[in-house]
Amino acid sequence: MERRKITYRLYPSKGQTEALGMLLRSHQQLYNAALEQRIDAWRRRRVSLSYQDQCKELTSLRAECPEFTVANCSSQQRTLRRLDIAFQAFFRRVAARGERAGFPRFKSLDAFPGFGFKSHGDGWRFTPGADWKHGRLRLQGVGTIKARGQARQAGEIKSCEMLHRDGQWLLSLTIECATIERQGGCAACGLDWGVESFATLALDDGGEHIVANPRRVAKAAKELRKAQRALARKRRGGKTRQRARKAVSRLHRRLANQRKEFLHQTSAALVARFAMIATEDLSIRNMTASAKGNAAQPGKNVRAKAGLNREILDTAPGAFLAMLRYKATEAGTEYIEVPTRKLKPSQTCPACGRVEKKPLRQRHHACPACGHTASRDGAAARVMLNWAMAQLASPGREPARQVETSADISPPATETPSMAA
Ligand SMILES: [Zn+2]
């Protein structure tokens, strides 16, 4: 059994929006009251309240104050649980020292992220449309709300979160699926991270394929920068500043959505086409460090940082590799990380193996030994492909480090829902 999250956008009517707002306020008040109670218990009695303590209190609170019965009881328990998790994280940070402890804070209504429900049918019911495209959410005390989005596969509905962001309501469903339906391809490729393009693939039939930078993402990034500059010019506390801030947050959201959609589509397409993908062994830490580099040893991605790729590569490599990995595991595609430090793909000739240092600005590979020519990224991708193929062909040699989806790389929170209204 595998758990997945799917996000749908909700389209509540005016009356439903009001009802949702009331629920949100009631959960926010509960959260803050429970936080205050914990602080109080500690100050007066040096007692650390537990989640169970607060659940008991909730029962009497519901009996005494009718305003707290607006919300569903098990949903309120979930809010208490969230506070409990915030405290546990705080205690962990205190124990670990070094880190800043960050005591759990009171939350304003604006900063309050939403509320959740536990068992399907207890205060809520989601009815997906055909093929899990769109659907309807019935919510206790609110009514039936239209939902738009698309799940990649069906499953048993377990729990949900109602998320309130920038005045919009999203439904994040957790479902459980028996099998993962994903078909891997049959070709093999080496993948090199782009400098001018997003990625360059060397194919096992000798060809090359370039994954271009997504124009939509670049355009969204440009608009965001423009809006940020406009915001910086606005006078503090003014009405127009408030409007400008809203515009910035809207563009942020759009950029994030488009970036995520691009990464999902690209990783899915790669896995559908290939039975084996060989790429650089790079951790996120590595990536950030190498992006900066220094004068003597400039990082591999200096140009990428400066150029169009910046907005995508800034946050994406970790996310993209995680997507590629878990999708590869689902499809049975081999995902092989090449030891780049040892192999030096960008400095090795894929035809004869000669190693020669190439400055970053040199975008072509022309081997003085054997005369082989290729693009720089294409040559690097081919070196990685060759290495991975050799590993697969002779298992007696140093084993290829085949990465499997670890528990902490869970599928991303959203399944590229169609956010368009
Ligand atoms: Zn050569």
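Counting starts at 1 for both ligands and their atoms, in listed order. All values reported here derive from a predicted model rather than from experimental measurement. Quick note: numbers below take in every heavy atom, side chains included, and nothing from hydrogens, waters or symmetry partners.
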What residues form a side chain to side chain contact (heavy atoms under 4.5 Å, CB included) with Arg138, not counting sequence neighbours?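 Side chain to side chain contact (heavy atoms under 4.5 Å, CB included) check on Arg138 returns Thr144.
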Sequence-distant partners of Glu356, side chain to side chain contact (heavy atoms under 4.5 Å, CB included), two or more places apart: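 Result, side chain to side chain contact (heavy atoms under 4.5 Å, CB included) vs Glu356: Arg354, Pro368.
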Minimal non-hydrogen separation, Ala19 against Val142, with atom names: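 Minimum heavy-atom contact is CB-CG2, 4.0 Å.
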Mind listing the side-chain donor-acceptor pairs of residues 22-33 below 3.5 Å, one per line with the distance, residues two or more places apart or on another chain?
from, atom 1, to, atom 2, distance (Å)
His27, ND1, Thr79, OG1, 2.8
His27, NE2, Ser75, OG, 3.2
Gln28, NE2, Lys107, O, 3.0
Asn32, OD1, Lys107, N, 2.9
Asn32, ND2, Lys107, O, 2.9

Do Asp84 and Arg38 sit within salt-bridge range, that is, some charged N less than 4.0 Å from a carboxylate O?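 Result for this pair is yes, salt bridge flagged.
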Taking the basic N atoms (NZ, or NE/NH1/NH2) and the acidic carboxylate oxygens, is any pair closer than 4.0 Å for Arg259 and Glu261?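 Here Arg259 does not pair with Glu261 in a salt bridge, since their nearest N and O are not under 4.0 Å apart.
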Closer than 2.8 Å to the Zn ion (ligand 1), what protein N/O/S atoms do you find?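 Short answer, with waters excluded from the count: Cys349 SG, Cys352 SG, Cys367 SG, Cys370 SG.
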